[in-house]
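As the structure is a prediction and not an experimental result, all values here were calculated from the model.
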Amino acid sequence: MNKVLLLDSTVRDGAQSVGISFSVQDKLKIARLLDNLRVDYIEAGNPGSNPKDMEFFELLRSHPLRHAKLTAFGSTRRKHIAVEDDANIRSLLAAGTECVTIFGKSWDIHVTEILRAELEENLRMIAETVAYLKASGKEVVYDAEHFFDGYKANPDYALQTLEAAVQGGADCLCLCDTNGGTFPDDVYEATRLVAARFPVAVGIHAHDDSGMAVANSIMALKAGAVHVQGTLAGFGERCGNANLATILANVQLKLGVACVPPDCLERLTHTVHEVAEISNISVHKNTPYVGGNAFSHKGGMHVDGVMKNTLTFEHVPPSSVGNTRRLLLSEVAGRSAILEKVRAFCPEIQKDSPEAAHIIDMVKQMEHQGYQFEGAESSFELEVRRMLGKRTKFFELLMLSVLDEQSLDGGKKPAYATIKVLVGDQLEITAAEGNGPVNAIDIALRKALEVFYPEIGEIRLTDYKVRVLDSESATAAKVRVLIESTDGSEYWTSVGVAVDVMQASCKALMDSIEYKLLISNAVPKQPAASAANA
Ligand SMILES: [Zn+2]
């Protein structure tokens, strides 16, 4: 194995994922990200089936991809018509791509029961469609739909369908586990046989219904496949397609086959999160290589081990895929993890200094009150800075008042928040309306502070979690609010704990804003009104 070609189908197969609905702009953004990652093929939908897809191809024709081959996707010609008379095939050509993926039936029951065609006719449909596209100058990837199920049910026929594609001149036979039910040993055996029998490149397209999609893809590569299909973040029909990010990292770091330049692999984590963001789906924290927890260490023994030698609890260096190591802050993590965190923004802290002891005490105290800094490191940093006298006072909240009228007839009424903030020696009083009190506070805070700090406009809240803490000792139950924010390039989480959900939210919101100002090295601007007066 010295070369593996990657085909990403996020904007085609991935678009069939529950909860995903891409606009043309979304698809273009994803295609550019994949192109920058240097995947070899980017597959998009059938231009004939939907005008949105045709627009996508047209826009990419005027601003082509730099590296990847754009690939249009469609099926073999309809039964009993000439291939050149098939409107779908004509629109595939009209997409003007260098490469075309054509899927055809390999499983006899799909031919007889779904297409209601004769087995012989299906073979002609495959061979004629591939030949026609080849004669039109296209590179053709033939997707053998349901190949593994078809091979199990009727191996002779499944192989005849591949033979038909080879006769048509297909450049690649991509074996599909469309229903995702095949096991890796069966994928290995069948792929090995196909790779030995046909003189063309073999590929794999796996779905994850048995949790085997990545394993099946790797086994196919080991059996002689050289082309692998998936979706970067694993999005796709039902349980999803094979996760191409996991496959890429495995192939490059474990099998030693360079698919993309190392600096592209170092952008993998960022790219997966960007694609997920555009898709409006969050990446599971425990996703291999790129998830937020992929290199997080919590147990004291693990933290201690990693700090002595990272090999002890990490299979690859997190930086190789652009992820970062996180030592989680919690009582179980212990003193050394907490101080390691502090060192990231305060390198001079000494292990046995009184400041270190105070920080450890503070964490214990705050955890006892219900704070959880695990995954809320921005609030942790702000608290430690405050304790060490290193916190920049960007603003001060002087007053907050919320009016949340309850409608008696069950209808919806907006909530109002009024706040007074001090920035330097400037006072700003702002009121805002929101759908709910927390939303109103958020809008009011931003409105008041954006006057001084325009960078606040970049913050978006991506998650808001409220948890009621069971309190054995406290007189009233407390709530913990965790807020996840992003400015498009950084992600951070802040936390607030109080007996009142509004207070806890307000604390977490203020920490989120303050952290953004801290990482932006923000300096307050003069408000426009006073500048005009000056
Ligand atoms: Zn598929």
Side-chain angles (χ1 to χ4, degrees), residues 5 7 41 43 46 48 71-93 97 99-179 182 186-187 189-206 220 223-229:
L5 297 171
L7 181 148
Y41 300 87
E43 184 179 80
N46 185 341
T71 306
F73 177 90
S75 74
T76 51
R77 70 155 169 81
R78 282 183 289 126
K79 61 185 176 186
H80 306 306
I81 64 165
V83 60
E84 57 273 20
D85 294 336
D86 188 305
N88 275 332
I89 303 288
R90 279 207 304 268
S91 64
L92 270 178
L93 288 176
T97 56
C99 180
V100 172
T101 305
I102 276 293
F103 76 95
K105 305 287 184 199
S106 340
W107 190 358
D108 53 6
I109 64 160
H110 272 267
V111 180
T112 53
E113 291 181 27
I114 308 298
L115 287 182
R116 296 183 188 278
E118 308 77 36
L119 293 177
E120 278 301 316
E121 170 64 1
N122 180 50
L123 298 179
R124 286 191 294 271
M125 286 154 65
I126 296 168
E128 288 171 17
T129 309
V130 174
Y132 181 71
L133 293 168
K134 284 307 293 177
S136 311
K138 304 291 177 188
E139 177 180 343
V140 178
V141 174
Y142 175 71
D143 269 12
E145 197 190 21
H146 293 112
F147 176 77
F148 297 98
D149 292 317
Y151 182 72
K152 214 174 231 173
N154 186 344
D156 283 347
Y157 186 71
L159 292 170
Q160 282 176 47
T161 63
L162 297 183
E163 181 62 46
V166 171
Q167 278 171 8
D171 298 286
C172 175
L173 297 175
C174 185
L175 311 180
C176 303
D177 187 26
T178 310
N179 294 0
T182 309
D186 291 333
V187 167
E189 286 304 324
T191 308
R192 205 170 58 159
L193 182 135
V194 170
R197 178 180 290 217
F198 298 102
V200 296
V202 173
I204 176 78
H205 174 112
V226 291
H227 165 116
V228 60
Q229 304 189 352

K.L.:
Return yes if some donor-acceptor pair links the side-chain N/O of Arg192 with the main-chain N/O of Ala196 below 3.5 Å, else return no.
P.N.:
no
K.L.:
Can you measure from CG (Leu133) to CG (Leu92) and round to the nearest 0.5 angstrom?
P.N.:
6.5 Å
K.L.:
Mind checking salt bridge (Lys or Arg N to Asp or Glu O under 4.0 Å) for Arg124 and listing every partner two or more places apart, or none if nothing turns up?
P.N.:
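Result, salt bridge (Lys or Arg N to Asp or Glu O under 4.0 Å) vs Arg124: Glu121.
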K.L.:
For Thr97, enumerate each residue passing the side-chain hydrogen bond (donor to acceptor under 3.5 Å, both in side chains) test, keeping only those at least two apart in sequence or located in another chain.
P.N.:
none
K.L.:
Between Leu159 and Arg197, does a side chain to side chain contact (heavy atoms under 4.5 Å, CB included) hold up when you go through it step by step?
P.N.:
CA-CA 9 Å; Leu159 292 170; Arg197 178 180 290 217; 3.8 Å; yes
K.L.:
Only pairs at least two apart or in different chains count here, so list each ring-ring contact (aromatic ring centres under 6.0 Å, His included) that has a residue in residues 157-178.
P.N.:
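Non-adjacent pairs meeting ring-ring contact (aromatic ring centres under 6.0 Å, His included): zero.
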K.L.:
Report the distance from atom CZ of Arg77 to atom CD1 of Ile126, rounding to the nearest 0.5 Å.
P.N.:
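Going from the CZ atom of Arg77 to the CD1 atom of Ile126 covers 10.0 Å.
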K.L.:
Tell me, with the steps shown, if Leu7 and Val228 meet side chain to side chain contact (heavy atoms under 4.5 Å, CB included).
P.N.:
CA-CA 6 Å; Leu7 181 148; Val228 60; over 6 Å; no
K.L.:
Over all heavy atoms of both residues, which pair between Asp108 and Leu119 is shortest? Give the atoms and the distance, please.
P.N.:
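Looks like CB-CD2, 3.8 Å.
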K.L.:
Side-chain contact test, heavy atoms from C-beta onward, threshold under 4.5 Å: evaluate it for Tyr142 versus Val166 and give yes or no.
P.N.:
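With C-beta onward as the side chain, the pair stays apart.
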K.L.:
Mind checking whether Gln160 and Leu123 have side chains closer than 4.5 Å, heavy atoms only?
P.N.:
yes
K.L.:
Mind running side chain to side chain contact (heavy atoms under 4.5 Å, CB included) on Val194 and Phe147 for me, showing each step along the way?
P.N.:
CA-CA 11 Å; Val194 170; Phe147 176 77; 3.8 Å; yes
K.L.:
Spell out, as yes or no, whether a donor-acceptor pair under 3.5 Å connects the side chain of Lys79 to the backbone of Asn122.
P.N.:
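It does not hold such a pair.
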K.L.:
Donor-acceptor pair, Asp171 side chain versus Val141 backbone, under 3.5 Å?
P.N.:
no
K.L.:
For Gly74, is there any backbone N or O sitting under 3.5 Å from a side-chain donor or acceptor partner on Asn46?
P.N.:
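Not confirmed, Asn46 side chain does not pair with Gly74 backbone.
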K.L.:
Does the side chain of Val130 reach to within under 4.5 Å of the side chain of Thr76, using non-hydrogen atoms?
P.N.:
no
K.L.:
Atom SG in Cys99, atom OH in Tyr41: separation rounded to 0.5 Å?
P.N.:
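Answer for the SG-OH pair, Cys99 versus Tyr41, is 5.5 Å.
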K.L.:
Taking side-chain contact (heavy atoms from CB on, under 4.5 Å) as the test, write out the residues that go with Ala87, two or more places apart.
P.N.:
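Partners of Ala87 under the side-chain contact (heavy atoms from CB on, under 4.5 Å) test: Arg90.
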K.L.:
Measure the spacing between OG of Ser106 and CG of Leu175 and express it to the nearest 0.5 Å.
P.N.:
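Ser106 OG to Leu175 CG: 8.0 Å, rounded to 0.5 Å.
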K.L.:
Could you note down all residue pairs passing salt bridge (Lys or Arg N to Asp or Glu O under 4.0 Å) where residues 136-145 supplies at least one of them, sequence neighbours left out?
P.N.:
Lys69-Glu139, Lys105-Glu145
K.L.:
With side chains defined as the heavy atoms from C-beta onward, is the minimum distance between Glu163 and Phe198 less than 4.5 Å?
P.N.:
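In contact.
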K.L.:
Supply the atom-to-atom distance Glu128 CD to Ile89 CD1, rounded to the nearest 0.5 angstrom.
P.N.:
10.5 Å
K.L.:
Once rounded to the nearest 0.5 Å, what's the spacing between atom CG of Leu5 and atom NE2 of His227?
P.N.:
7.5 Å
K.L.:
Just wondering, do Glu118 and His80 contact through their side chains at under 4.5 Å, heavy atoms?
P.N.:
yes
K.L.:
Sorted by first residue and then second, give each ring-ring contact (aromatic ring centres under 6.0 Å, His included) pair with at least one member in residues 108-137; sequence neighbours left out.
P.N.:
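Pairs touching residues 108-137 that pass the test: Trp107-His110, His110-His146.
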K.L.:
Please examine the side chains of Phe148 and Val187, heavy atoms only from C-beta on, and report whether any two atoms are closer than 4.5 Å.
P.N.:
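Of all side-chain heavy-atom pairs linking Phe148 with Val187, at least one is under 4.5 Å.
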K.L.:
Looking only at heavy atoms, which two atoms of Asn88 and Asp86 are closest? And how far apart?
P.N.:
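Closest approach of Asn88 to Asp86: N-OD1, 2.9 Å.
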K.L.:
Whether the side chain of Thr191 engages the backbone of Ala223 through a donor-acceptor N/O pair (distance < 3.5 Å, no angle test) should be reported.
P.N.:
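No, the answer is negative, given that no donor and acceptor are paired below the 3.5 Å cut-off.
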